[in-house]
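Just so it is clear, the model here is predicted, and its values are computed rather than measured. Proteins come first, then strands; the chains are lettered A, B, ... in the order of their sequence lines, and each starts at number 1.
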2 protein chains.
Amino acid sequence: MNISEAARRVGLPAKTIRYYEEIGLVTPPRDKNGYRAFRSRDLHALTFVARARSLGFTIGECRALLQLYQDPTRASADVKEIARRHLGRIDAKLGELAAMRATLTELVAACAGDQRPDCPILKGLAPTA
Amino acid sequence: MNISEAARRVGLPAKTIRYYEEIGLVTPPRDKNGYRAFRSRDLHALTFVARARSLGFTIGECRALLQLYQDPTRASADVKEIARRHLGRIDAKLGELAAMRATLTELVAACAGDQRPDCPILKGLAPTA
DNA sequence: TATGGGGCTTCCCGTGACAGGAAGGTCAAG
DNA sequence: CTTGACCTTCCTGTCACGGGAAGCCCCATA
């Protein structure tokens, strides 16, 4: 199977699949003409990575998860540890964004949004001293 | 005032301040020895940008906000529009992260996290078919 | 058989917002 | 006079790709 068909099936751009091959996440063999020939295991790996990425795992984490996925002697504790760390990052990010949102919402609510120059948003950003 | 003192006062790394000068957010004059000489207006602008950045505005938005800040004939509507757009981005991001968090939390809860290979997290990432 | 239009390949540059580090000039203190 | 802390520019790397150029390859149609 050629790359565009593989891309269609796993829902990733062909560019991304080439990149994943370059960094060693998948290693599809080549046809005589040099075209990549994707096997079902390649599609499996790509789908796995696509899902992990959509949950926000980094490429490094995807690589580790993929190796665990392909290792029948894995310990689920190792998988869980990676996921827990990522969950921590997500919570941290959620906290940051919530704080930004709170401040911004206040400022936006306080701003008249008309033709006058007076603006609580700019005042909120300006140095206090 | 030299860069390290300016950095200390506005709470930004010197590297970042040089970068902000490079992209034209601040234009401190130079001493005879070539050192940047920060005036209070430069410190004001840097502090303003630092705060806007901490609220998640992009550099482009900071540039626009800074121009409005420095323009006494501005309309607060223009400021508010930038802030509203950004608020929309934050809400979108919060939504994405909340969805990731929900899925991940389920998977992590379902995983025993022991020495056995059976792992609901990996199952959740694996292709269904 | 020529040709035209896809699809495939590699290679290189650009993204955002900086961080790290090398090479070298400058300044104040001892 | 030297040392060490500044400062400067310049180059490279980050993360996860996207865009686009130059050049094969394959198939269908005239």
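Note: CG (B:L12) to P (C:dC18) measures 8 Å, nearest angstrom. Between A:R8 atom CZ and C:dC8 atom P the separation is 12 Å, expressed in whole Å. Atom P of nucleotide C:dC18 and atom CZ of B:F57 are separated by 15 Å, given to the nearest angstrom.
Between the B:R51 side chain and the A:A126 main chain, a donor and an acceptor come within less than 3.5 Å of each other. A donor-acceptor pair under 3.5 Å is formed between the side chain of A:S76 and the backbone N or O of B:G113.
Separation of atoms CZ (A:R53) and CG (A:L65) is listed at 11.5 Å; rounding is to 0.5 Å. With rounding to the nearest 0.5 angstrom, the CZ atom of B:F48 is 10.5 Å from the CG atom of B:L25. Atom OG1 of A:T103 sits about 6.5 Å away from atom CD of A:E106, to the nearest 0.5 Å.
When the side-chain nitrogen and oxygen atoms of B:T16 are compared with OP1 and OP2 of C:dA19, one or more of them lie within a distance under 4.0 Å.
Classified by interplanar angle (parallel below 30°, tilted 30° to 60°, perpendicular above 60°), the ring pair B:H86/B:F57 is tilted.
Looking at heavy atoms from C-beta onward, B:Q115 lies out of side-chain contact with A:R74 at the 4.5 angstrom threshold. Contact annotation: the side chain of A:I17 approaches that of A:V10 to within less than 4.5 Å [non-hydrogen atoms, C-beta and beyond].
Along DNA chain D, read 5' to 3', the first and last nucleotides having any atom under 4.0 Å from a heavy atom of chain B are D:dC6 to D:dC10.
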Across nucleotides 9-15 of chain C, 5' to 3', mark each nucleotide with B, S or - according to how protein heavy atoms within less than 4.0 Å reach it. BBB----
